[in-house]
2 protein chains.
Amino acid sequence: MSATSTEEVTNILREHIMCGQIHPGERLQQERLARALGVSRTPLRTALANLANEGLLQYEANRGYTVRAFDRKDIIDGYAARAVLEGLAASSVATAGIDFSTLEKMERWLDIGDTALAKGKLDPKDIDAYRRMNVCFHDEIIARADNRWISELVRQTQLIPFASNRMIVWQDFDIMYRTHDDHHRILEALKRRDPIRADYLMREHVNFAGEYLAQCIETGRIITAPDVSASTTELVQ
Amino acid sequence: MSATSTEEVTNILREHIMCGQIHPGERLQQERLARALGVSRTPLRTALANLANEGLLQYEANRGYTVRAFDRKDIIDGYAARAVLEGLAASSVATAGIDFSTLEKMERWLDIGDTALAKGKLDPKDIDAYRRMNVCFHDEIIARADNRWISELVRQTQLIPFASNRMIVWQDFDIMYRTHDDHHRILEALKRRDPIRADYLMREHVNFAGEYLAQCIETGRIITAPDVSASTTELVQ
DNA sequence: GCTCGTAAAATTGTATCCAAAAAGGGTGTC
DNA sequence: GACACCCTTTTTGGATACAATTTTACGAGC
């Protein structure tokens with residue numbers, strides 16, 4: 001793929017920030033960063049502007065960009081917003097109904113979690129498969145809701161370093177068990193075309209994840225997915 | 001205020017697009033636009049990138065920026081997303097409780113609508129005051145919810161040309177009457193600290209506005225606020 | 001010793017210039 | 001006459017140069 005430098009730089013920087021390789025509060029000096037990335041300041045500045053618009057960076061006129069810091073409240077609040085949006089998505093899908101092939105696909109996804117949990121303990125490679133499955137499950141519902149605002153707004157709430165379901169790994173068997181049971185119930189509600197139940201199940205599901213995550217962060221029990229944090233070069237010395 | 005050219009250009013262009021002075025689908029040629037605005041292409045390009053991130057423009061690599069077109073579904077969907085977010089805001093405020101001075105302030109705002117509606121017909125200058133009051137009312141609840149995601153995400157859903165409550169003028173007495181009754185009920189729910197009622201009242205209030213607006217657009221009954229569309233110079237010839 | 005002011009250095013914002021890609025036009029061929 | 005190909009023009013992306021603002025450092029004054 002031959003994208004523009006701006007896009008490349010945007011993606012690289014986003015990943016670095018999401019993985020915490022550039023620390024919150026840190027100032028991003030343009031010339032230094034541009035040199036480190038092997039581009040001029042022009043595409044870098046566009047990339048910085050993009051990331052500031054996404055909420056990952058903070059911008060102050062004539063004072064440059066700094067990495068935004070997220071505290072416990074930000075994470076809880078983000079999940080709260082995401083909860084109502086994904087609840088709306090689930091409720092929309094339940095109302096519209098879900099076609100058979102999609103249903104079958106999602107049931108196969110749930111099987112992944114079932115077999116992993118059937119072992120009675122958490123296998124590392126199962127965990128990663130579960131994480132990817134979880135992302136697919138949520139994304140599928142959001143996509144089926146067919147509301148571009150939901151997709152876009154949920155995407156934004158995921159742009160918190162260490163706080164995305166794309167990165168976080170469930171380490172606690174009981175939590176994963178409970179969470180996966182939610183998945184089953186949500187799909188059941190979609191199947192039965194029960195928008196109210198789909199809504200409150202999804203809301204609770206997401207809110208619970210937020211609470212759990214915030215707790216994990218406070219106790220320092222955070223593990224990120226290996227394939228996300230990998231393949232990144234060092235930018236700051 | 002001596003902001004940067006980039007910020008000025010961003011604001012000017014946003015206003016032009018929101019007011020429909022630059023038509024959907026229209027391509028924004030950088031050099032021409034830069035000349036029209038009296039700046040070089042550099043700040044203009046940053047401004048375009050910002051607006052694309054906000055969702056007002058569409059960007060394609062090496063092919064430039066075009067004004068995004070919004071159809072009926074986009075508007076309904078945007079209001080649906082905004083509805084659950086503002087519902088969450090209202091519910092949060094109801095849960096946390098609302099202090100006396102804020103309550104008093106909001107009740108004074110509602111008086112504005114009451115006196116306007118007491119006349120039994122819609123006076124043009126009352127309408128504008130009502131529009132501003134309505135914005136304040138919603139913004140206040142969002143601000144009191146103290147969740148930066150809600151503020152930011154709701155702001156984004158407002159970025160649809162001709163579809164923001166900041167621009168739209170209620171022309172129908174009955175609609176305004178019903179809408180303002182919602183305001184009273186919502187404030188009552190906040191006062192009584194009833195988050196569930198606050199939530200569903202606000203959701204219905206916003207969803208209804210979306211439905212009504214979409215209907216108005218289809219029948220061509222759209223009037224924008226005078227102070228928003230004014231004070232803008234022509235950019236395209 | 002501290003504060004304030006001023007000047008130098010560093011950093012960001014803007015303008016201009018060059019390169020690359022896309023759009024437009026014309027000619028040739030089938 | 002229609003389509004394809006190539007060349008020119010236009011437009012966008014990126015690099016560099018310059019201007020404006022902020023930060024920092026130093027010294028005078030209290």
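In what follows, every chain begins at residue 1, and chains take the letters A, B, ... in the order their sequences are listed.
The backbone N or O of Glu7(B) lies less than 3.5 Å from a partner atom in the side chain of Asn11(B), making a donor-acceptor pair.
Using cut-offs of 30° and 60° for the angle between ring planes, the Trp149(B) and Phe70(A) rings count as parallel.
The pair Asp128(B)-Lys125(B) does not count as a salt bridge, with every side-chain nitrogen at least 4.0 angstrom from each carboxylate oxygen. Under the 4.0 Å criterion applied to side-chain N and carboxylate O atoms, Lys73(A) and Asp146(B) are assigned as salt-bridge partners. By the 4.0 Å N-to-carboxylate-O rule, Arg148(B) lies too far from Glu152(B) to be salt-bridged with it. Using a 4.0 Å cut-off between a side-chain N of Lys or Arg and a carboxylate O of Asp or Glu, Glu31(A) and Arg41(A) do not qualify as a salt bridge.
Boundaries of the chain A contact region on DNA chain C are dT11(C) to dT14(C), first to last in 5' to 3' order (nucleotide atom under 4.0 Å from a heavy atom).
Under the salt bridge (charged side-chain N to carboxylate O under 4.0 Å, His left out) criterion, Glu54(A) pairs with Arg14(A), Arg155(A), not counting sequence neighbours. Taking Glu104(A) as the reference, Phe100(A), Arg108(A) meet the side chain to side chain contact (heavy atoms under 4.5 Å, CB included) condition, with sequence neighbours excluded.
For the residue pair Gln156(B) and Gln156(A), a side-chain donor N or O sits within less than 3.5 Å of a side-chain acceptor on the partner.
The distance from atom CD of Glu60(B) to atom P of dT11(D) is 17 Å, rounded to the nearest whole Å. In this structure, the CD atom of Gln30(A) is 16 Å from the P atom of dT21(D), given to the nearest Å. In this structure, CD of Glu7(B) is placed 13 Å from P of dT21(D), rounded to the nearest angstrom. The nearest whole Å value for the distance from the CZ atom in Arg41(B) to the C1' atom in dT11(D) is 7 Å.
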Got a list of side-chain donor-acceptor pairs under 3.5 Å for residues 83-99 of chain A, not counting sequence neighbours?
| unit_1 | atom_1 | unit_2 | atom_2 | d |
| --- | --- | --- | --- | --- |
| Glu86(A) | OE1 | His138(A) | ND1 | 2.8 |
| Glu86(A) | OE2 | Arg82(A) | NE | 2.6 |
| Glu86(A) | OE2 | Arg82(A) | NH2 | 2.9 |
| Ser92(A) | OG | Leu88(A) | O | 2.8 |
| Thr95(A) | OG1 | Ser91(A) | O | 2.8 |
| Asp99(A) | OD1 | Thr102(A) | OG1 | 2.8 |
| Asp99(A) | OD2 | Ser101(A) | OG | 2.7 |
| Asp99(A) | OD2 | Thr102(A) | N | 3.4 |
| Asp99(A) | OD2 | Thr102(A) | OG1 | 3.1 |

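Each of Gly64(A) and Arg63(B) has a nearest nucleotide on DNA chain C; the 5'-most of these lies closest to Gly64(A).
Contacts with DNA chain C (heavy atom under 4.0 Å) in residues 42-55 of chain B: Thr42(B), Pro43(B), listed by number.
Across all non-hydrogen atoms, the minimal contact from Cys19(A) to Phe162(A) is O-CZ, 3.2 Å.
Using a 4.0 Å cut-off, some side-chain N or O of Ser5(A) falls inside it from OP1 or OP2 of dG14(D).
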Across nucleotides 5-10 of chain D, 5' to 3', mark each nucleotide with B, S or - according to how protein heavy atoms within less than 4.0 Å reach it. ------
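At a threshold of 4.0 angstrom between heavy atoms, the contacts of Tyr65(B) with the nucleic acid are absent.
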